[in-house]
Structures are given as C-alpha cells and as structure tokens.
Amino acid sequence: MSSNWERSRIENKIGINFKYDQTLRLALIHPSYAKLIHEPEINNQRLGLLGETILNLVLADYIYHNFSHFQVGKQKALVSKLTEPERLTNFWYDLQLGEFYPFLDLKEERHRLRVKRSNPFEKGCKALIGAIFIDRGFSQTRNWLQKRLIVPLLKKYLKPELEHSPTDKQIQFLGDNLLQAVAIDYLYRQIHLVSPTTLKSLGRKFTSKENQSKYLKLSEAIWAEMFAEQTQPKSYKVWLAEVYLKLNEENSKSSFRKTSAYFAQVLDDDEVMAEAIALLLKDGKPQKWIIHQVMDYPSNKYNEGREKYYELIGESKDDE
C-alpha cells in the first residue's frame with residue numbers, strides 16, 4: 001500500500017482528527033486500488049454501506065426534529081434528495097477532497113469520473129461518513145454532517161416558530177432508518193470482511209417483520225423500566241424510535257450507542273454468524289478463509305475456530 005498519502009491534509013479539510021489512521025485509510029481505498037495491490041477484500045465498500053445507513057439516520061433525525069410540519073412522504077423525498085449521487089459528489093468536492101483520494105486506480109481523469117452518476121467520489125463520501133462514525137462515534141458524526149452538509153442546505157427552510165408535533169408515521173419513519181442503522185452497525189462489527197451484498201442480505205434477514213415481532217417480545221422488560229405505565233408500541237420500529245428519542249433527551253452523546261446495545265441484546269450472536277457462514281458457503285467461500293477472516297481466529301487459534309465453525313453449522317468435523 002502506498003505510504004505517500006497525506007493524512008493530516010485530509011483531516012484538515014474535513015475538520016476531524018482520527019484516533020486511528022487505519023480507519024481513515026480504509027475509507028480511501030477504492031476497489032480498483034485494492035485489486036492493484038492484490039488485496040481485493042480490503043476496500044471501502046463495507047464502510048460505504050455503513051456510512052449510507054448512518055447518513056440516512058442523521059437526515060431522518062434532523063428532519064424529524066426540524067420539519068415535523070412536513071408530511072412523511074415529503075420527509076422521505078427530502079432524504080432522497082439530500083443523498084442523491086450528484087449531491088454527495090459535490091459534497092466531496094466541497095470538502096476539497098477531489099484530488100485527495102490517494103488509493104484510486106482508475107484510468108479516467110477525475111473530472112471525467114466526477115460527472116458520472118455512479119462514481120468513486122459519491123461512494124468515497126459514504127465510506128468517509130462510515131469511517132468518522134467508527135472512529136468518533138455517532139454523536140460527532142451527526143454534528144459533523146449537520147454542520148457541513150445538512151444545515152447549509154436546509155437552514156433557509158427552517159420554521160423554528162412551529163411547535164414540534166410529530167405523527168405516528170413520522171416516528172415510524174425515524175424508526176425505520178434507526179433499525180437499518182443499528183442492524184448494519186451490528187453486522188459490520190460482528191461479521192468481518194464479508195461483502196456489502198452479504199451484509200445487506202443479513203440485514204434483511206434480521207430486520208424482517210417476523211424477527212421484529214420477536215424482538216418486540218424480548219424487549220418488554222426494557223420498555224417497562226424506561227416508560228413505566230406507558231403501553232409498549234406494537235411496532236418494533238416505533239419502539240426503537242421512542243427509546244432513542246428518550247435516551248437522546250437524557251444524553252444525546254450516548255443515545256445511539258445505547259439504542260444499538262438494546263438491539264444487540266435481542267440478537268443471538270451465534271445465530272447471526274451461522275447465517276453468515278451459510279451465505280458464504282453458498283457463495284463458494286472456503287472454510288479456512290471463513291474461520292480466519294470472518295470469524296477472526298488467528299493461525300495460533302485455528303483449531304479452536306474450527307471447532308466453533310462446526311458447532312455453528314451443526315456438523316461434526318469428523319463429517320468432512
């Protein structure tokens with residue numbers, strides 16, 4: 001990997017100093033460069049998926065609190081408008097990062113790449129958001145996005161004199177984005193190195209209506225503790241939104257982290273990993289790669305990982 005990238009120049013442009021430069025570096029590794037250095041799986045696509053869900057949540061959160069006079073359909077349209085590829089590409093260039101994408105190996109000149117609807121800068125922008133989230137947490141990512149992207153675009157439409165009175169549908173819209181964000185956040189951290197496609201498949205599985213009904217039952221005690229006599233909602237998305245909003249009132253810096261922790265409590269880590277392994281085997285990934293890269297067992301613990309692998313897939317290693 002090239003060592004000629006200028007971390008400090010990028011940090012100065014975005015106004016954030018990273019705790020871990022590897023996270024920032026990963027956000028700037030386009031798949032073309034990863035292939036060039038023969039490490040095709042070490043690229044920014046996973047961070048891009050994570051960043052996309054975090055961006056959608058930050059937008060839904062901001063709109064919920066500042067545009068309650070909008071119907072849900074208009075709120076959704078506003079999120080879609082602010083996440084258009086062209087807008088995110090322009091945001092990347094507004095940050096003056098057009099020429100600071102160090103790990104990009106495409107032959108076309110960057111000004112030609114910029115005008116394409118699907119371009120590396122829009123995807124790099126999402127990956128950067130994901131990297132900021134991983135390195136600095138949700139609260140700082142939310143503040144950064146509001147300051148740099150959201151408020152400059154929406155401040156002229158704000159009507160602070162209006163009283164905030166959200167509808168059930170608006171709370172559900174916030175909860176929908178929140179569920180996607182906590183699910184992908186959990187999967188990103190639990191299931192290492194798998195493709196965004198696999199993460200999306202797992203995300204759909206563990207946010208299905210059937211599973212949401214199960215999560216709601218498993219979360220009854222948390223609701224009773226937090227909301228006393230208030231009846232628990234019938235929708236898990238609304239449950240998540242209400243919990244997040246209450247935690248946000250108490251401490252906005254930790255509200256997402258605590259909401260994510262509540263979501264993680266209703267999941268079975270082994271079940272999630274077993275589902276991931278099944279998808280990877282179907283995709284032709286070898287057992288050794290899964291144990292080392294996805295389950296994160298180093299060489300000196302390979303036998304331990306192998307035992308766990310067979311436990312998860314419900315077979316004995318003697319069945320090989």
Side-chain angles (χ1 to χ4, degrees), residues 53-76 79 133 136-143 145-146 150 158-190 203-272:
T53 63
I54 295 301
L55 173 59
N56 286 340
L57 172 58
V58 171
L59 283 166
D61 186 1
Y62 185 83
I63 291 167
Y64 173 86
H65 284 99
N66 294 280
F67 291 86
S68 59
H69 55 291
F70 279 13
Q71 295 290 329
V72 170
K74 195 170 182 179
Q75 290 185 340
K76 290 180 179 179
V79 170
F133 168 72
R136 308 301 302 187
F138 179 76
S139 179
Q140 272 197 252
T141 308
R142 176 175 57 190
N143 293 343
L145 281 168
Q146 288 181 359
I150 301 170
L158 290 174
K159 295 184 178 180
E161 72 279 3
L162 291 178
E163 185 177 341
H164 180 61
S165 53
T167 65
D168 291 343
K169 287 184 178 180
Q170 289 173 336
I171 294 174
Q172 178 135 346
F173 177 54
L174 175 62
D176 185 32
N177 285 281
L178 185 57
L179 177 58
Q180 296 305 313
V182 296
I184 294 299
D185 177 33
Y186 169 88
L187 292 168
Y188 180 93
R189 297 173 192 271
Q190 287 286 118
R204 286 192 293 270
K205 165 76 177 178
F206 290 101
T207 59
S208 67
K209 288 184 178 180
E210 180 182 354
N211 275 316
Q212 286 183 54
S213 297
K214 182 174 71 174
Y215 303 156
L216 203 55
K217 291 179 181 178
L218 292 171
S219 303
E220 288 175 352
I222 296 170
W223 181 270
E225 182 180 344
M226 290 184 68
F227 293 93
E229 302 301 316
Q230 190 173 330
T231 304
Q232 178 170 269
K234 296 180 180 180
S235 162
Y236 185 66
K237 292 177 182 178
V238 173
W239 188 98
L240 271 181
E242 294 283 13
V243 167
Y244 169 76
L245 291 168
K246 182 174 178 61
L247 292 171
N248 210 41
E249 288 178 2
E250 296 171 357
N251 185 348
S252 63
K253 291 183 178 180
S254 61
S255 55
F256 180 85
R257 175 173 50 80
K258 289 182 177 180
T259 306
S260 291
Y262 286 137
F263 175 72
Q265 284 180 24
V266 299
L267 296 176
D268 183 318
D269 293 346
D270 282 355
E271 180 187 352
V272 173

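Any value given below was found using the heavy atoms of this structure, including those in side chains, with hydrogens, waters and symmetry copies removed.
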Sub-4.5 Å side-chain heavy-atom contact between S219 and Y262: no
Side-chain donor/acceptor of S208 to backbone N/O of R204, under 3.5 Å: no
N211/K214 under side-chain contact (heavy atoms from CB on, under 4.5 Å): CA gap, chis, key distance, verdict: CA-CA 5 Å; N211 275 316; K214 182 174 71 174; 3.4 Å; yes
Side chains of R257 and F138 in contact at under 4.5 Å (non-hydrogen atoms): no
4.5 Å side-chain heavy-atom contact, L55 and L145: yes
Sidechain-backbone polar pair: Q75 side chain, F67 backbone, donor-acceptor under 3.5 Å: yes
Heavy-atom neighbours of Q230 CD exceed 12 at 6.0 Å: yes
Student check: side-chain heavy atoms of E271 and F206 closer than 4.5 Å: yes
Greater than 12 external heavy atoms within 6.0 Å of K253's NZ: no
Gap separating the CD1 atom of I150 from the CG atom of N66, nearest 0.5 angstrom: 9.5 Å
L179 side chain reached by Q212 side chain, heavy atoms, under 4.5 Å: yes
Donor-acceptor contact below 3.5 Å, side chain Q232 vs main chain L216: yes
L218 CG to L267 CG distance, which is reported to the nearest 0.5 Å: 9.5 Å
D168 CG: over 12 foreign heavy atoms closer than 6.0 Å: no
Spacing of T53 atom OG1 and L187 atom CG [to the nearest 0.5 Å]: 10.0 Å
Shortest non-hydrogen contact between K246 and M226, atoms and distance: CE-O, 3.2 Å
V79 and F173, any side-chain heavy atoms less than 4.5 Å apart: yes
Rounded distance (nearest 0.5 Å) linking atom CG of L59 with atom CD1 of I54: 11.5 Å
Greater than 12 external heavy atoms within 6.0 Å of E225's CD: no
Q265 atom CD, over 12 foreign heavy atoms within 6.0 Å: yes
Check against side-chain contact (heavy atoms from CB on, under 4.5 Å), W223 and E242: CA-CA 10 Å; W223 181 270; E242 294 283 13; 3.8 Å; yes
Inter-residue atom distance D61.CG - R142.CZ, 0.5 Å rounding: 5.5 Å
side-chain contact (heavy atoms from CB on, under 4.5 Å) evaluation trace for L174 with Q170: CA-CA 6 Å; L174 175 62; Q170 289 173 336; over 6 Å; no
Heavy-atom donor-acceptor pair, D185 side chain to A181 backbone, under 3.5 Å: no
Heavy-atom donor-acceptor pair, S252 side chain to N248 backbone, under 3.5 Å: no
F263 and Y236 aromatic ring geometry - parallel, tilted or perpendicular at 30°/60° bounds: tilted
Parallel, tilted or perpendicular, as decided by the 30° and 60° cut-offs, for the rings of F133 and F256: perpendicular
Heavy-atom check, side chain of H65 versus side chain of L245, under 4.5 Å: yes
Separation of F70 CZ from T167 OG1 (nearest 0.5 Å): 13.5 Å
